[in-house]
Structure formats: structure tokens, C-alpha cells
Asks: 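Have a look at this one.
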Amino acid sequence: MARRPLPRILSNGTAPIARSRELARSAADSATDVLHPLITITRGLRRLASAGRRKWADTPKDRRGPLLFLVASVVLVVALIPYGPLLAAICLMAAAGWTGRERTAPAPTGPDEAQIQRLQSLYEALVPYFSVPEDPAPLFAHGGEWDKAFTSYEFDDSGRVSHLVVRYPAYFTDGEAESRARIEQLLHAKSGRGREYHFAWDEEGNQLTVNVLPPLPTDIAAQRFVTAPGETVLGFTDPTGVQRTLPVADGDDQRDVPPVVWRTGPRSTEPHLLAVGQPGSGTTSLLRSIALQALQHGDVLIVEGSGTGDYACLTGRDGVLAVECGLAGSLASLEWAAHETERRLISANRARQAGHPAPEDTKRPLWILLDRPSVLGHLAAADGHQDPQSLLQVPLRHGRAAAVTVVVADQFDSLDALSDSVRQHTRARVVLGPATPDQLEDVLGVPPHTTPTAHVPPGRGYARLGTAAVHRLQVPATPDPYDDATSESHRQAVLELLPGRSTPADAVEPVAVAGAGAEPQPEPVPAES
């Protein structure tokens, strides 16, 4: 049976049909706009008629006669006065327009019952801490009014408190860290766990402001940041923590985010850094990110105590002096770094005494990155060698004048193995991963003004540069590009930042050139990676 072709209106008439639908829809919308007053008045007349029928039905039968007489009298009076029917029609249309308008329910101005119950529970929980029996008019009392103590409050979509301003009595010991910690722990538990809270104590005004902090972005990959020489981006923080933003690439888009910038060099007050975290917290990624940024303007020496090969991608690159994993190579490299620091100091001193500027070879920054030096210390003690950390005394003490920067990363269980020199001279501190308040205070010197959570993504933590405030920190994603678990986008981001491979001098072989009397010419042969 031969296949019959479809009608022309069905085969190629879809475009006119769609155009006709659009025209009809536009015409209907235009008609609705034009006839909107008439529709409103009609709706109002219908509502007035319904209200009149309800009024007539609710009127008792013995009172319907007087009601009809009253209505007839009003109609007669309106008909007899000048312009009465016209004025009555105008009033009727105005009443119909007012009655037929679209009414929207007013937005609630106060908390609902669930929110009131949550605020009341917070108030009752704070009573034992913000009240004393001797107070004649306590602000906090069992069964009291919570709206006098909570001057401002906000809730998120899940019904939990996201912003709260608490007034407390003047006799509360807000100057003691233990008292503040108890209040912060209580509010954290009652407002909802699993979130990071920021506590701002106004000791002069006797007010405590509690804010829920949004999570820091974890999708920022390693890239070239817009920084000056001597500036290193440790990560990114909250907009209220710093007064600077950096443009970062997010796929094809670009956005501005607030960074935590660490400044090194001769004028830096925090020339060296210590990073501490749990296994898998991201300290190695932080050192890898610092190394990629340092290679733009200086040389890098890497000593890896764990021996896992996390820095293999930097081996043989331009500017990378060495990547040592063994004990012998680490001791030799650190001893050379100590002698190099002394040489730079002597050269710069001689130049200043002679009235000349410092030599150029003393100005190029030298970075010494040590990952897990405690492991090398245990191996050195077992073999009877000196602790590699003892070789860091000269770079740590005199590194700022010699353009030498030391970065040490270790874990919490090995903090006791760090030498006094490392603890004393690393004034820039970073803590990554989950940590208790005591651990944070031990490393940072002061507790942060936020509540740490039990589960955080890799690279999330806190940073404190010298005596400045503690900032939340999210390290840019800088994974090992040779790891199979690394995503393709992050792998390419790190590979694009790696400098080219340097050709060692012993990789040159003579190659004969064809031709009579031609002498062999050296041709460089690149070393195998």
C-alpha cells in the first residue's frame, strides 16, 4: 500500500501555527490590560450583589418589611434630588471598583508560632548565665519576655536562627574567655549544629551579635592570581574579614572574592609560616599552591618527609632546586640552604659597607618548603644523625634579611616534635581540617570568633598572620596532577601553572653532522621525565 503524503498544513505549517498562537496570546494580554477596569468593576458588582443576598438571607422575616421600606425611601430621595441618579451611579461604580480589586494577603510582620517557640527556648537556656538572684529587675528570668532580650532576629528557610542580637546585663563577665565560650557553645547547640557561627561581642553596649556564616567557595582552582611580588594567596575568606578582593576565573566566568594574602620579604613582620592539620586536611595542597606561586619570582627547595611523592610534578622544573624525600638528601639540601643564607647575608653586608646596592643573587627569593619534618626527625634519631630542623635555625632567624622564606607543614599528633626555633619564628599560622577549640588556640594563639564544625571539606580552616585577627580560610584546589583521583579540570589547572622542565648539563651528547670535514656539534638531548 503506497504511503500517502501528509497534508501541507501538517508537514510545513508549524511555524505559522506557532506565530498565530503568539499573536493570539499577545492580543489576549492586550485586551486584558484594556478591559482591566471593566473586569474589576464587574467583579465588584458581583461581590456587592452576593453581599446583598447574604444580608437579605440573614435578616429575619419580621424585619424584611421595614428594610424594604428603608431601601425604597432611599431610592426615592436619590431620584428626587438634582443629579441624584448620576451621583448614585458614580458611588456604586466606585464601591464596585474598591470591592473588586485584587487583594494580596499582608506579609507577616512577626515570627510564627514555631519561631516564637525557638526564641523562647533560647531565652530560657540563657537564663542561668545572664541572671543573678540579687538583680531586682532581671532581664533574663524564667517565664520572662524574650522580646526584651532579643532586639533583632532572622530565620533561614529551614526555620533555624540565622541572625540574632542578644542584650545581656552589665554584670555579666564578658571580659573572661571562659564565660564567652560557654555562651557561644550554648547558642551553637540551641540554634542548630552543623553550621559556622560568628560571635561579635560589644562589651561597651552589652550586646552579642550572632550570625550564621555562609560556606566558603570550594570550586576555585589553582590559577595565576593578580598579586605583587612578595604576596602569596593562602586562600579565600569572608567578605567582612578583609578589605580587598581578587578576580578569579570560574570556568568561563570571572568573579571577585576576598583573599587571605601573606606578605613576605625584607619588610614582612611574618616572614615564615606554619601549617598544621589532620591527615587529608589539605596541608600538602597548601604547600603545592605556595610553591606554584613562589616559582613566578623565586626558587623553591622542597623537602618531603612523608615520602609519598606528592611533589613529583615539580621535579626537574625551572626554579625548583630539589625535591628531596630521603634523609641524606634532605640533610644535604637543608645544610646548603643554611650556607646559602649565610652567604647572602655576608654578600649584602659587604655591599652595604662598600656603599653599593646588594647583589642581584641575594635578592632573588628562596623558598624552603618542609612537609612533615617530624618524620625525618624520627628517622634521623634512629640513624644517629642530627635533626633536620636544627639546620633551619639560620634560615628562620636571618631569612627575612636574606630573602629566604621557610614554610613548615605537619600534623597535630607531631606538634611536640617541632623544634622551639620553628615554633618561635613561624608567626604566620594556618590550621586546616577539623580541630578542637583547644587545638586552634594552641596553634593560632587565640581562639577564632567562629565555631568550627566537625566535618569540613579539604583545604578549609583558619589563618592568622602575626597578631592580626583570625580568618576563615579555603585553600584553592591544588591537587597532585599525577593522582588518578584528581578531576580533569583541576589537573589541567595545575599543569598549566607548572614551569618548563630544565635540561641538566650532563644531558648533552655530541652528534656528528654529515659532510666532509664536518666536526661533531653538540646537540642537547632533553632528560627523560
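Numbers for residues simply follow the sequence, beginning at 1.
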Asks: Determine whether the aromatic ring centres of His449 and Phe199 lie less than 6.0 Å apart.
Replies: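 Distance test on ring centres: not under 6.0 Å, no.
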
Asks: Between Glu145 and Tyr123, which heavy-atom pair has the shortest distance, and what is it?
Replies: O-CE1, 3.8 Å

Asks: Using only heavy-atom distances, determine whether the side chains of Glu113 and Gln117 contain a donor-acceptor pair under 3.5 Å.
Replies: no

Asks: For a quick test of reading the model, state the closest non-hydrogen atom pair linking Phe236 to Leu216 and the distance between them.
Replies: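 So the two residues come closest at O-CD1, 3.7 Å.
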
Asks: Do any N or O atoms from the side chain of Glu270 and from the backbone of Thr426 form a donor-acceptor pair under 3.5 angstrom?
Replies: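 Side chain of Glu270 to backbone of Thr426: no pair is present.
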
Asks: Kindly indicate whether a cation-pi arrangement holds for Arg288 with Tyr311, taking the cut-offs as under 6.0 Å to the six-membered ring centre and within 45° of the axis.
Replies: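 So Arg288 does make the cation-pi contact.
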
Asks: State whether the side chain of Ser152 and the backbone N or O of Leu164 hold a donor-acceptor pair below 3.5 Å, judged by distance alone.
Replies: no

Asks: Under 6.0 Å from the CD atom of Glu488, do we count more than 12 heavy atoms belonging to anything else shown?
Replies: yes

Asks: Closest approach of Arg118 and Val161, non-hydrogen atoms and distance?
Replies: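 Taking Arg118 first and Val161 second, the nearest heavy atoms are CD-CG2, 3.9 Å.
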
Asks: Taking CZ in Arg167 as the centre, count heavy atoms belonging to other residues, nucleotides or ligands within less than 6.0 Å. Is the count above 12?
Replies: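 For Arg167, atom CZ is not crowded (no more than 12 foreign heavy atoms under 6.0 Å).
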
Asks: Which pair of non-hydrogen atoms, one from Val276 and one from Thr283, has the smallest distance, and what is that distance?
Replies: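 Residues Val276 and Thr283, closest heavy atoms: C-CG2, 4.0 Å.
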
Asks: To check you understand the geometry: which heavy-atom pair defines the closest contact between Ala493 and Ala222, and what is its length?
Replies: CB-O, 3.6 Å

Asks: Spell out, as yes or no, whether a donor-acceptor pair under 3.5 Å connects the side chain of Arg464 to the backbone of Ala468.
Replies: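 Answer holds: yes.
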
Asks: Starting at CG of Leu213, measure out to OG1 of Thr240 and round the result to the nearest 0.5 Å.
Replies: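 Answer rounded to 0.5 Å: 7.0 Å.
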
Asks: Donor-acceptor pair, distance only, cut-off 3.5 Å: does the side chain of Asp410 make one with the backbone of Leu418?
Replies: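 Looks like no, no N/O pair under 3.5 Å.
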
Asks: Taking all non-hydrogen atoms of both residues into account, name the closest pair between Ala125 and Pro128 and its distance.
Replies: O-CD, 3.4 Å

Asks: Counting N and O atoms only, with roles assigned by atom type, does the side chain of Arg195 sit under 3.5 Å from a partner on the main chain of Ser191, one being a donor and the other an acceptor?
Replies: yes

Asks: Take atom CG in Asp420; do more than 12 heavy atoms of anything else shown fall under 6.0 Å from it?
Replies: no

Asks: Ring centres under 6.0 Å, that's the criterion: do Trp146 and Phe140 meet it?
Replies: no

Asks: Is a side-chain donor or acceptor of Glu304 paired with a backbone partner of Gly309 at a separation under 3.5 angstrom?
Replies: yes

Asks: Can you tell me how far OG1 of Thr478 sits from CG of Leu497, rounded to the nearest 0.5 angstrom?
Replies: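 Result: 8.0 Å between the selected atoms.
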
